[in-house]
Participant: 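Submitted below is the structure of interest, expressed as structure tokens.
Here is the naming used below: chain letters follow the sequence lines, and residue numbers restart at 1 for every chain.
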Amino acid sequence: MVLGEVLKDIETACKLLNIAADPVDWSPGNVQKWLLWTEHQYRLPPMGTAFQELGGKELCAMSEEQFRQRSPLGGDVLHAHLDIWKSASAGEDSWADSEVDSSCSGQPIHLWQFLRELLLKPHSYGRLIRWLNKEKGIFKIEDSAQVARLWGIRKNRPAMNYDKLSRSIRQYYKKGIIRKPDISQRLVYQFVHPI
DNA sequence: AATAAGGACACTC
DNA sequence: GAGTGTCCTTATT
């Protein structure tokens, strides 16, 4: 049901971000990644350095009031999002927490895997990247700047942009992972081996 | 102006 | 050495 969808979204997000599902386990760096990601996903006002140097444990111990003190604009919303993550992993402990842990802490993710994960979540990312023909693996990047930004968050590369991301995609041409479709179009690529 | 292609070099694992 | 990230030149849309 709805709860299942939430759990899947969280699992996808922690895979994309390479952070644990349980916020208590987050390092200060993990907290920043989650923060940037959540800001972007829900178009929250930028929190800037309001939560810098905070580990997951400290973050989880903070009240909604303290969130609002750090960030008067979006602090309450952010606290609500963290609450979802907390309760999701609390429920996870009762049955399949080892599975989530293993799927969320895979160290390096390749760019082509990252793009595929975004494509498989059209509900969350369909405004940024979507299939033109899923069977053939043809997809279009609808918002190059945002996709690059998300990739930058994942890799801790704040200076990431589409110029550099696309250069990495081009490296896939000779490797036979991604190519340009037969009819070349701007911002359209094709997986050589569709799902 | 934005995107595409690919060479060159630096960096991290 | 693989997989980028960064920078750059040139061409195309």
Participant: Roughly how many Å is it from NZ in A:K155 to C1' in C:dA2, rounded to a whole number?
Facilitator: 12 Å
Participant: What residues, two or more places apart in sequence or in another chain, satisfy side chain to side chain donor-acceptor pair (under 3.5 Å) together with A:T38?
Facilitator: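 Per chain and number, A:T38 pairs via side chain to side chain donor-acceptor pair (under 3.5 Å) with A:W34.
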Participant: Please state how far atom CD1 in A:I169 lies from atom C1' in C:dG3, giving the value in whole angstrom units.
Facilitator: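 Answer to the nearest Å: 14 Å.
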Participant: Would you say A:R68's side chain and A:G75's backbone share a donor-acceptor pair under 3.5 angstrom?
Facilitator: no
Participant: Contact boundaries of DNA chain B with chain A (under 4.0 Å, heavy atoms), 5' to 3'?
Facilitator: B:dA2 to B:dG7
Participant: May I ask you to establish whether A:K180 and A:Y189 are in a cation-pi arrangement, using a distance under 6.0 Å from NZ or CZ to the six-membered ring centre and at most 45° from the ring axis?
Facilitator: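 Flagged: A:K180 positioned over aromatic ring of A:Y189.
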Participant: Between atom CD1 in A:I177 and atom C1' in C:dA2, what is the gap in whole Å?
Facilitator: 11 Å
Participant: Of all residues at least two apart in sequence or in a different chain, which pass the side chain to side chain donor-acceptor pair (under 3.5 Å) check with A:K121?
Facilitator: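 Checked A:K121 against side chain to side chain donor-acceptor pair (under 3.5 Å); matches are A:D9.
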Participant: Just to be sure I understand the rule, does A:S144 reach a base, reach only the sugar-phosphate, or reach nothing, if contact means heavy atoms closer than 4.0 Å?
Facilitator: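 Sugar-phosphate: the residue A:S144, judged by heavy atoms under 4.0 Å, touches backbone atoms but no base.
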Participant: Applying a 4.0 Å non-hydrogen cut-off, can you work out what A:Y189 is touching in the nucleic acid: base, sugar-phosphate, or nothing?
Facilitator: sugar-phosphate
Participant: Using a 4.0 Å heavy-atom cut-off, write out nucleotides 6-13 of chain C from 5' to 3' as B (base contacted by protein), S (sugar-phosphate only) or - (no contact).
Facilitator: BB-----B
Participant: List the atom of A:Q66, the atom of A:S63, and the distance in Å for their closest heavy-atom pair.
Facilitator: OE1-N, 2.8 Å
Participant: Students often get this wrong, so: under 4.0 angstrom with heavy atoms, is A:K174 touching a base, only sugar-phosphate, or nothing?
Facilitator: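 Contact class for A:K174: none.
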Participant: Just jot down the side chain to side chain donor-acceptor pair (under 3.5 Å) partners of A:R186, sequence neighbours excluded, or say none.
Facilitator: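 Once residues adjacent in sequence are excluded, A:R186 has no partner under the side chain to side chain donor-acceptor pair (under 3.5 Å) criterion.
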Participant: Think A:W112 has a side-chain N or O under 4.0 angstrom from the OP1 or OP2 of C:dT4?
Facilitator: no
Participant: Show me the donor-acceptor pairs within less than 3.5 Å that the side chains of residues 128-141 of chain A make with the rest of the protein, sequence neighbours left out.
Facilitator:
unit_1: A:R130; atom_1: NE; unit_2: A:E142; atom_2: OE2; d: 2.4
unit_1: A:R130; atom_1: NH2; unit_2: A:E142; atom_2: OE2; d: 3.1
unit_1: A:N133; atom_1: OD1; unit_2: A:E135; atom_2: N; d: 3.2
unit_1: A:N133; atom_1: OD1; unit_2: A:K136; atom_2: N; d: 3.0

Participant: Does the side chain of A:K164 come within less than 4.5 Å of A:R157's, by heavy atoms?
Facilitator: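 No, side chains not in contact.
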